[in-house]
Amino acid sequence: MQDLWQDEEDFDDDFGLADRQQTALSSLQAAWEEALEQGVEQGILIETSLFAALSQIILQSSEEAAADYCAKLPERIQSGEFTPYRILN
């Protein structure tokens with residue numbers, strides 16, 4: 001399976017990878033806020049979001065690819081990759 005987060009140089013269009021990632025994140029955050037406003041609990045949103053993401057990996061590739069992706073998450077989390085508002089040195 002191809003990396004889910006590709007290098008910027010892999011794309012030669014005007015809408016770069018970082019821009020597409022930011023657009024995707026903004027769209028998901030807006031949907032998240034809307035669901036909270038409708039009374040959906042945060043825990044349900046977390047579980048459902050993970051289900052949706054992993055299901056997409058499985059649909060695009062395989063269960064093994066999803067498991068491989070998840071196996072890399074502890075290191076990525078501990079390195080701060082998912083920490084909001086982190087300061088990059």
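For reference, positions follow the sequence shown, starting with 1. We use all heavy atoms of the structure for the numbers below, so side chains are in, but hydrogens, waters and symmetry mates are not. Being a predicted model, the structure only gives us computed values, none of them experimental.
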[atom1]/[X] to [atom2]/[Y] distance, rounded to the nearest 0.5 angstrom?
X: Leu73; Y: Glu81; atom1: CG; atom2: CD; answer: 8.5 Å
X: Ile77; Y: Lys72; atom1: CD1; atom2: NZ; answer: 14.0 Å
X: Ser49; Y: Leu28; atom1: OG; atom2: CG; answer: 7.5 Å
X: Leu54; Y: Leu59; atom1: CG; atom2: CG; answer: 11.0 Å

If hydrophobic clusters are built from ILVMFWY residues whose side chains come within less than 4.5 Å, do Leu25 and Ile57 share one? no
Contacts of type side-chain hydrogen bond (donor to acceptor under 3.5 Å, both in side chains), residue [X], not counting sequence neighbours:
X: Gln29; result: none
X: Gln56; result: none
X: Ser26; result: Gln22
X: Glu63; result: none

Sequence neighbours excluded, every pair satisfying side chain to side chain donor-acceptor pair (under 3.5 Å) that has a member inside residues 33-44: Glu34-Gln38
Tell me if a side-chain donor or acceptor on Thr23 pairs with a main-chain N or O of Asp19 at a distance below 3.5 Å. yes
Apply the hydrophobic cluster definition, ILVMFWY joined by side-chain contacts under 4.5 Å directly or through others, and give me every member besides Val40. Trp32, Leu36, Ile44, Leu45, Ile46, Leu50
